[in-house]
Amino acid sequence: MSSKLQLTTLAVLVSAALPAQAALYKVVEVAPGVSGNEVYGTAIQPSGSDASCFDSGASSATCEGYKLAGETRNRPDGFSYREEVPFAMDNSFAYIEDDYDGFEDYCFYQLGYATCEYWASDRWSSWYNETYSSNTPNSLAFIEGSAEKPSGAINTVINSLDPSGQPVGNFSTSSKRNEAFSAVTNSTLTSKPQSRAWASDGTYTVGSTSSKSGIGGERYYYSSAPAIWSGSDFVSIPRAGGYEVDGDYFAQGSMRDFYIDSAGGKTYGVGYNNYSDQHMNATIFIGNSATPTPSTSWSSKLIYNAQVDISGDNIHSNSVATNINKNLVVVGQAKRSGGYPKNGAAANRLFVVANANTPNAHFLNSSDGSIFFDGAGGEMGGINNFNEIVGRIDSENHREYDGKQRRQRAFIYPYGTSAQGSVESRKAIFNSKAWLLDDLTNGGTESNNNNQYRIYDASDINDAGVISATAVKCSGGYDSTSHNAYCGDGNKDETVVAVKLVPISDDTQRSIQPRGYDSTATERQGAGLGFGALTILGLFGFMRKRIK
């Protein structure tokens with residue numbers, strides 16, 4: 001009997017001797033309805049009320065019925081289809097104009113991986129296809145099995161869903177790399193060389209628009225600005241300083257999310273703006289009206305500790321605030337500069353701002369829970385009005401510089417206190433601590449189904465507690481319930497799929513049973529994931545690491 005089989009058998013015997021435990025979530029795989037080698041969950045439909053799917057008696061049909069949006073990929077993006085500039089930081093377009101050499105230089109100087117030749121080759125071939133070759137579609141968007149393809153679209157991305165489940169995002173055509181689309185339309189958008197939509201409440205939509213500089217460059221050399229629009233009004237938020245073009249740098253800005261404070265008569269937006277040093281810094285935008293129009297006065301507040309320049313050094317390459325909720329809690333991320341790695345990595349660090357009116361970033365670390373550590377990298381997914389934060393985080397802490405990228409896994413963090421809008425009864429479900437979501441899908445009546453999945457990324461969460469996510473799937477189940485379990489003894493194919501995590505409403509049928517670790521070598525052999533394995537290690541362009 002192999003040691004691996006002995007270990008698995010022992011784990012089964014030990015678990016049989018323990019009291020029955022149950023997961024907090026049921027994993028529901030979503031069929032895309034479009035073709036693609038890999039499928040990613042990108043957004044979940046807002047629930048529209050404070051009703052929780054954790055509540056006893058919550059309707060399973062309702063909770064599983066919240067629509068999930070997603071996208072497929074056959075290959076990595078050349079650079080992200082959703083960002084304003086290449087690699088979310090190249091506002092001089094210096095890397096992208098050097099073709100393959102620029103991709104490799106970017107990886108070498110800004111990421112530091114030992115795998116840069118492979119990293120660059122994969123992305124360059126995709127960029128070559130898009131720019132110089134046939135431009136065959138790569139990103140196909142869908143909502144719950146139905147394709148979402150605006151007229152003339154080649155590649156489409158969905159950044160969020162509005163309250164009625166309508167998509168908010170952007171798409172490329174033969175003449176534009178990015179054009180915004182949402183249920184809220186405005187004629188100004190079609191006149192812009194580029195536009196992007198990030199979030200909408202059904203009345204207003206926020207994003208960015210770009211203007212071409214007049215300098216050469218087929219599909220780049222653009223300046224962008226944050227924007228908010230309704231059906232009748234379009235508002236472009238002023239840059240916080242500097243010039244549209246300053247030497248080799250082009251001003252950039254974007255609004256990623258917003259909250260309208262009707263009682264206070266203000267509109268809060270979050271994203272990034274351009275300042276006098278031409279850096280792209282995480283920003284909170286505050287408009288002096290709850291019904292923003294072109295006459296609304298706006299201020300841009302830099303989020304301190306997350307800015308690029310700290311004490312005269314470019315510690316970060318860029319930063320962005322990604323989401324805000326009704327409690328005015330803001331979340332975002334700041335990419336550590338390649339010249340200033342921390343703890344062996346130039347990581348994309350996640351932060352929280354406790355109150356939008358006092359914009360100071362707190363980077364998640366061990367004081368926020370054992371799943372976080374100083375210098376950990378990840379991707380912020382979102383925050384709901386219960387202050388439940390989701391995203392993904394490094395699940396290992398080896399050096400990335402001159403090494404390989406760290407593996408990452410999805411997490412949830414019930415943040416804050418009741419004074420900050422948190423609800424203690426919801427926090428108590430999670431024992432008031434942060435978890436890897438894999439630990440919350442283990443055990444109980446859903447165990448066999450859930451053991452087919454390991455949750456890689458959590459991209460969004462609604463107030464009902466339903467999460468949009470991306471998972472690695474081993475059809476039929478992994479060899480054990482451990483975090484590092486094999487799929488078919490390491491010889492069976494795994495796939496990348498879009499899933500919803502739906503809370504289990506019966507509190508007598510749910511609890512937390514953390515997954516263990518098999519003490520066997522984790523090297524995959526035989527079939528495995530191939531390209532998918534590299535995707536899940538975070539080498540895929542969709543992952544939107546923010547770097548300079």
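We're numbering straight along the sequence, starting at 1. Computed from a prediction, not measured in an experiment: that's the story for all the values here.
Side-chain atoms of Ser160 come within 3.5 Å of backbone N or O of Trp198 as a donor-acceptor pair. Within the 3.5 Å criterion, the main-chain N or O of Met280 finds no donor-acceptor partner in the side chain of Asn274. A donor-acceptor pair under 3.5 Å links the side-chain atoms of Gln252 to the main chain of Phe250, judged by distance alone. No donor-acceptor pair under 3.5 Å is formed between the side chain of Asp313 and the backbone N or O of Ile315. No donor-acceptor pair closer than 3.5 Å links the side chain of Asp233 to the backbone N or O of Thr293. Under the 3.5 Å distance criterion, the side-chain polar atoms of Asp90 are matched with a main-chain donor or acceptor of Tyr95. Listed for the His316 side chain is a donor-acceptor partner under 3.5 Å among the backbone atoms of Gln307. Judged by distance alone, the side chain of Asn159 and the main-chain N or O of Pro167 form no donor-acceptor pair under 3.5 Å. One N or O on the side chain of Asn384 and one on the backbone of Asn462 form a donor-acceptor pair closer than 3.5 Å. Of the possible donor and acceptor atoms, one in the side chain of Glu71 sits under 3.5 Å from a partner among the backbone N and O of Ile158.
No side-chain heavy atom of Thr417 sits under 4.5 Å from any side-chain heavy atom of Ser422. With a 4.5 Å cut-off on side-chain heavy atoms, Asn357 and Tyr268 count as touching. Between Ser223 and Val245 there is no side-chain heavy-atom pair separated by less than 4.5 Å. By the 4.5 Å heavy-atom criterion applied to side chains, Ile143 and Leu161 are counted as neighbours. Side-chain contact check for Leu140 versus Thr156: every heavy-atom pair is 4.5 Å or farther apart. Between Ile303 and Ile284 the shortest side-chain heavy-atom distance falls below 4.5 Å. For the pair Leu111 and Trp119, the minimum side-chain heavy-atom distance is below 4.5 Å. Side-chain contact between Val353 and His362: absent, with no pair of heavy atoms (C-beta onward) separated by less than 4.5 Å.
With respect to the salt-bridge test (charged N to carboxylate O, under 4.0 angstrom), the residues Arg336 and Glu400 do not qualify. A salt bridge between Asp261 and Lys266 is absent, with no side-chain N of the basic residue lying under 4.0 Å from a carboxylate O of the acidic one. Between Glu388 and Arg426 there is a salt bridge, since at least one side-chain N of the basic residue sits less than 4.0 Å from a carboxylate O of the acidic one. The pair Glu83-Arg256 meets the salt-bridge criterion, since a charged nitrogen lies less than 4.0 angstrom from a carboxylate oxygen. Salt-bridge check for Glu130 with Arg75: failed, with every basic side-chain N at 4.0 Å or more from each acidic carboxylate O.
With hydrogens and angles left out, the side-chain atoms of Asp99 and Tyr128 include no donor and acceptor closer than 3.5 Å. Between the side chains of Arg73 and Ser139, at least one donor N or O lies within less than 3.5 Å of an accepting N or O. A donor-acceptor contact under 3.5 angstrom links the side chains of His279 and Asp277, judged on distance only. With no hydrogens or angles considered, a side-chain donor-acceptor pair links Asp368 and Tyr413 at under 3.5 Å. One side chain, Asn273 or Ser300, offers a donor N or O that lies under 3.5 Å from an acceptor on the other. At a cut-off of 3.5 Å, with distance as the only test, no side-chain donor of Glu179 or Asn170 sits close to an acceptor on the other residue. A donor and an acceptor atom, one from each side chain of Glu84 and Ser224, are nowhere located under 3.5 Å apart. With no hydrogens or angles considered, no side-chain donor-acceptor pair links Asp457 and Ser459 at under 3.5 Å. Of the N and O atoms on the side chains of Asn178 and Arg196, at least one donor lies less than 3.5 Å from an acceptor on the other residue. In this structure, a donor-acceptor pair under 3.5 Å is present between the side chains of Ser182 and Thr205.
Cation-pi check for Lys326 over Tyr259 is not met; the charged atom does not lie both under 6.0 angstrom from the ring centroid and within 45 degrees of its normal.
Atoms CD1 and OG, from Ile44 and Ser468 in turn, are 5.5 Å apart once rounded to the nearest 0.5 Å. Between the SG atom in Cys107 and the CG atom in Asp122 there is a gap of 11.5 Å [rounded to 0.5 Å]. Rounding to the nearest 0.5 Å places CZ of Phe181 at 11.0 Å from OG of Ser195. Atom CD1 in Ile237 sits 11.5 Å away from atom OG in Ser208 (nearest 0.5 Å). Atom CD1 of Ile383 is separated from atom CD1 of Ile389 by 4.5 Å, given to the nearest 0.5 angstrom. A distance of 4.0 Å separates OH of Tyr222 from NZ of Lys212, quoted to the nearest 0.5 Å.
Applying the salt bridge (Lys or Arg N to Asp or Glu O under 4.0 Å) test to Glu148 and every residue at least two apart in sequence or in another chain returns nothing. For Tyr204, the ring pair (Phe, Tyr, Trp, His ring centres under 6.0 Å) test picks out no residue, with sequence neighbours left out.
For the side-chain hydrogen bond (donor to acceptor under 3.5 Å, both in side chains) with Asn385, the lone residue among Asp463, Asn325, Asn327 that qualifies is Asp463. When the options Tyr221, Phe79, Phe87 are evaluated for a ring pair (Phe, Tyr, Trp, His ring centres under 6.0 Å) with Phe93, the one that passes is Tyr221.
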Next item on the list: Run the numbers on Ile154 and Asn135 for side chain to side chain contact (heavy atoms under 4.5 Å, CB included), then give the verdict.
Entry: CA-CA 8 Å; Ile154 299 172; Asn135 198 12; 3.3 Å; yes
Checklist line | Audit row: Val352, Leu364, side chain to side chain contact (heavy atoms under 4.5 Å, CB included) steps and yes/no | finding: CA-CA 7 Å; Val352 181; Leu364 299 181; 3.8 Å; yes
Next item on the list: Start with the C-alpha gap between Ser92 and Gln278, add the side-chain angles, then the distance that decides, and say whether side chain to side chain contact (heavy atoms under 4.5 Å, CB included) holds.
Entry: CA-CA 10 Å; Ser92 68; Gln278 295 295 96; over 6 Å; no
Note to self: Evaluate Tyr113 against Phe108 for ring pair (Phe, Tyr, Trp, His ring centres under 6.0 Å), listing each step before the verdict.
What the structure shows: CA-CA 6 Å; Tyr113 304 150; Phe108 181 80; over 10 Å; no
Next item on the list: Apply side chain to side chain contact (heavy atoms under 4.5 Å, CB included) to the pair Val496 and Tyr456, showing each step before the final yes or no.
Entry: CA-CA 9 Å; Val496 179; Tyr456 169 68; over 6 Å; no
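Across every non-hydrogen atom of Pro32 and Phe142, the tightest pair is O-CB, 3.1 Å. Of all the heavy atoms in Val168 and Asp162, the pair that sits closest is CG2-N, 4.2 Å. Annotation for Gln420 and Asn387: closest pair O-ND2, 3.0 Å, computed over non-hydrogen atoms. Across all non-hydrogen atoms, the minimal contact from Ala346 to Ser337 is CB-O, 3.8 Å. Scanning all heavy atoms of the two residues, the minimum distance from Ala354 to Val329 falls at O-CG2, 3.7 Å. The two residues Ala282 and Ala321 have their closest heavy-atom pair at CB-N, 3.7 Å.
Under the 6.0 Å cut-off for aromatic ring centres, Phe285 and Phe258 do not qualify, their centroids lying 6.0 Å or more apart.
The number of heavy-atom neighbours closer than 6.0 Å to CZ of Phe363, taken from other residues, nucleotides and ligands shown, is above 12.
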